[in-house]
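Below, each value reflects all heavy atoms present in this structure, side chains not excepted, and no hydrogens, waters or symmetry copies.
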Amino acid sequence: MDSLKNRTSRLEALFQDAFATPPLIQTLSTVIRVTAPVPDELDEDVRRGLLAALQATADRFGHIAAPDGSTLWAEIDRPPTTQKGHS
């Protein structure tokens, strides 16, 4: 399986290419979350490419529709961490 860093980089590039704007990348305790605003008009070929790439790269993804615009998000699970001295 690809490393967390490689998968995150692929999602970052995917969002950047599709939306022509840098995505927001958040490192949370259990996931890496990549989000970006979705343009009002999105080419059908771009949409299909996004879906295929998200299915291959993200552990989960979704779309948030709001009155002020839409956002696409994708998450990659972070491996659990163990505390030093504990298993």
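No continuous path of hydrophobic side-chain contacts links Val38 to Trp73 [ILVMFWY only; heavy atoms under 4.5 Å].
Cluster partners of Val31, using a side-chain heavy-atom cutoff of under 4.5 Å among ILVMFWY residues and allowing indirect links, are Leu28.
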Begin from the C-alpha positions of Phe61 and Leu51 and carry the test side-chain contact (heavy atoms from CB on, under 4.5 Å) through to its verdict. CA-CA 9 Å; Phe61 59 91; Leu51 287 174; 3.9 Å; yes
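The closest side-chain heavy-atom distance from Pro37 to Phe19 is not below 4.5 Å. The shortest distance between side-chain heavy atoms of Leu24 and Phe15 does not fall below 4.5 Å.
Atom OG1 in Thr57 sits 5.5 Å away from atom CG in Leu11 (nearest 0.5 Å). The line from CD of Glu12 to NZ of Lys5 is 11.0 Å long, rounded to the nearest 0.5 Å. Rounded to the nearest 0.5 Å, atoms CG (Asp43) and CZ (Arg47) are 10.0 Å apart.
The two residues Ile76 and Thr8 come nearest to each other via the heavy atoms CD1-N, 3.6 Å.
Judged purely by atom type and a 3.5 angstrom limit, Asp2 has no side-chain atom pairing as donor or acceptor with the backbone of Arg7.
The side chain to side chain donor-acceptor pair (under 3.5 Å) search around Ser70 returns His63, not counting sequence neighbours.
Within the structure, side chain to side chain donor-acceptor pair (under 3.5 Å) contacts touching residues 13-40 (residues at least two apart or in different chains) are Arg33-Glu75.
Evaluated for a side-chain contact (heavy atoms from CB on, under 4.5 Å) with Leu72, the options Ile64, Val34, Leu14, Leu54 yield exactly one hit, Leu54.
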